[in-house]
Amino acid sequence: MKKYSVLIVGGGSTYTPGMVLMLLSQLDRFPLRKIKLYDNDPERQEVIARACEIIIHEKAPEIEFLASTNPEEAYTDIDFAMAQIRVGKYAMRELDEKIPLKYDVVGQETCGPGGIAYGMRSIGGILENLDYMEKYSPNAWMLNYSNPAAIVAEATRRLRPNSKIINICDMPIELENHMATILGLKSRKEMDVRYFGLNHFGWWTEIHDKAGNDLMPRLKEHVRKYGYVEDESLYTDPKRDSWHATYQKARDILELDDAYLPNTYLKYYLFQDYVVKHSDKNYTRTNEVMDGREKDVFTACRKVAEDGHCHDDLFDVDNHATFIVDLATGIANNTHERMLLITENKGAIANFDPTAMVEVPCLVGKNGIEPLAMGEIPQFQKGLMEQQVSVEKLVVDAWITGSYHKLWQALTLSKTVPSATVAKQILDELIEANKGYWPELK
Ligand code: NAD
Ligand code: LMR
C-alpha cells in the first residue's frame, strides 16, 4: 500500500496531538511515511511538536517527523495538508465573542458578528497556505477544518476556483455519533442520512439503517426530551458545560418544528434572545477553552517532553477526526464513500442558489467530491438559508473589495443582529479590534 506524507497546518493547535494520535491509530488503512507540522507561531508550535515527536518515535518510529515554520520546508513533498488554523488565536476569538455581547448580540466563534469578524481574518490565512501548497506540492489536497468554514469555503470557491481544497466540519459527525449512541448502534456508519443546509446551519431530513428502516421516530422521541444528550452522566466535566446546554437546546427547536433534526448551531439563529440572556459577558466560550482544553493540552505536552514518553491517558484521541482519514482514504483509494461535506450547490438543493456553498452528502473519490441531489427544500429553511448565505457572500465581497458598506450589509442581514444601527456600532468596534488582520475598509 502506498504510504502518505501528511502536513498538519496550524501545528500549534490544541487539536494537533489528538490528530497525530488518531493518524497513528489508522495506519492500517492510511499508512504514513511522514507527519509534518507547520505553524507561523514558532513558540506555540514548539511545545506541541516536542510532544508529537516523542509520541511518533514511541508508537511508529518508521514515520519521519518534522515541525517547521518555514513554508517551503513544511509544504514540500506532502500528499495531504490537514488545516486547522485560527488566525488571531484565542485573543481575537475572545473579542469576537465579547464585542457583540456588549450590544446584547450573540457572541459566538462562527455565528453572527463574531463569525463574520473571524471570517475576515481567516480568508487571508487560508489563501496564503493554499498558495504554499500549490507552489511546493501541487498534487496535494488540503482538507480544511479551519473556521468559519462557510465563509472560508465561499472565499476559496471565488478566489481559488481550481484549488484542491475540501472544507469540512466535524459538528454533523459529532452529532451523528451522538445519534448512533442514542440508537444503540456501534457506529454512525450504520446510518444512511439525508441532510441539507449551509455549514453550521442545516437539518437531517431522513435517517435509515442499512436495512432501510426509518430511525427518525426513535431519534425524534429522544431529542424531544433530552436534545442530543445521550446520557447525562457523561457530562460531569464543567469544562463541557456550555456544549452540554447546546446539545440539550435542540429539544426546544424540535418542540417548535419537528419536521427535521436540526444542527445544534441553529440555536444561535433561532433563540438569539435566549442565547444572549444565558451568556456571561465577561467569561465566554474562549475563556472556557483557554482554562480547559488549551491548558490541558499544553500541560500534557510539556509533561511528555519532560518524561520523554507518552502516557496514554494524557490526550483525548480525536475520535471524530477519523472523519478526516475517511476523507483522505476516500480520495487516495477512490472509495466513493458517502460523506457530509461543504461543496458548491450546483443543483444539489434544487430550489437554492447554485453558487452557494452548501453542506450535503457527497461521494468522495480520486477527483474530489460530488454532491448528491437533496431535491427541493421547504420555504422556511430556504428563507433562513438565503438570508445566511447572503451574509457569507457579502463578507467575501467585503474582503475582496475592501468595502465597509458590504460588511455593514453582512452584519445587518445576520439574523443575530437586531438593527442596522447596532450592526454599525458593532462593526465599528470590530474594525478597531481587527486592525492588522482585516483588509482596510473604505
Ligand atoms: P489554536 O489557536 O489552538 O490553534 C490554531 C493554530 O493556528 C495556532 O497555533 C496559530 O498560531 C496557527 N495559525 C494562525 N494563523 C496561521 C497561519 N496563517 N498559518 C499557519 N498557522 C497559523 O486553535 P484551535 O482551537 O485548536 O482550533 C484550530 C482551528 O480548528 C480553528 O479554526 C477551529 O475553529 C477549528 N476546529 C477544528 C476542529 C477539529 O476537530 N480539528 C474542531 C473544531 C474546530
Ligand atoms: C467552540 O468552542 O465553539 C469550538 O471551537 C469547539 C471548541 O471546543 O473549541
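Hydrogens, waters and symmetry mates are skipped; everything else that's a heavy atom, side chains included, is used. Counting starts at 1 for both ligands and their atoms, following the listed order.
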Determine whether [X] and [Y] make a side-chain contact, defined as any pair of heavy atoms from C-beta on separated by less than 4.5 Å.
{"X": "V297", "Y": "I48", "answer": "yes"}
{"X": "T264", "Y": "K249", "answer": "no"}
{"X": "W204", "Y": "R194", "answer": "no"}

message: Under the criterion side-chain hydrogen bond (donor to acceptor under 3.5 Å, both in side chains), I'd like the reasoning laid out for Q108 against T110: C-alpha separation, chi angles, the key distance, then a yes or no.
response: CA-CA 6 Å; Q108 213 277 330; T110 61; 3.2 Å; yes

Determine whether the side chain, the backbone, both or neither of [X] has a heavy atom under 4.0 Å from any heavy atom of ligand 1.
{"X": "N147", "value": "both"}
{"X": "R44", "value": "side chain"}
{"X": "Y132", "value": "neither"}
{"X": "N129", "value": "side chain"}

Below 4.0 angstrom from a heavy atom of [X], which ligand 1 atoms are there? Numbered from 1 as shown, please.
{"X": "K89", "result": "10 (C), 11 (O)"}
{"X": "D41", "result": "11 (O)"}
{"X": "G12", "result": "3 (O), 9 (O)"}
{"X": "E128", "result": "18 (N)"}
{"X": "T14", "result": "3 (O), 24 (P), 25 (O), 26 (O)"}

message: On a heavy-atom basis, which atom in D353 and which in N345 lie closest, and how many Å separate them?
response: O-ND2, 3.1 Å

task: Give a yes/no on ligand 1: does E109 have at least one heavy atom closer than 4.0 angstrom to it?
output: yes

task: Would you please determine whether R293 falls within less than 4.0 Å of ligand 1 on a heavy-atom basis?
output: yes

Backbone N/O of G11 and side chain of T16: donor-acceptor pair under 3.5 Å: yes

Quick one: sort the [X] and [Y] rings into parallel, tilted or perpendicular, breaks at 30° and 60°.
{"X": "W203", "Y": "F201", "answer": "perpendicular"}
{"X": "Y75", "Y": "Y132", "answer": "tilted"}
{"X": "Y274", "Y": "F271", "answer": "perpendicular"}

task: Check each of I8, N40, V9 against atom 15 (N) of ligand 1 and report the one with the nearest heavy atom.
output: N40

query: To which of Y118, Y15, Y90, Y145 does the heavy atom nearest atom 43 (C) of ligand 1 belong?
result: Y15

task: Ignoring angles and geometry beyond distance, decide whether I85 reaches within less than 3.5 Å of ligand 1 through its nitrogen or oxygen atoms.
output: yes

query: Between D39 and ligand 1, does any nitrogen or oxygen pair lie at a separation below 3.5 Å?
result: yes

task: Check the pair Y404 / D428 against side-chain hydrogen bond (donor to acceptor under 3.5 Å, both in side chains), numbers first and verdict last.
output: CA-CA 10 Å; Y404 176 98; D428 289 342; 2.7 Å; yes

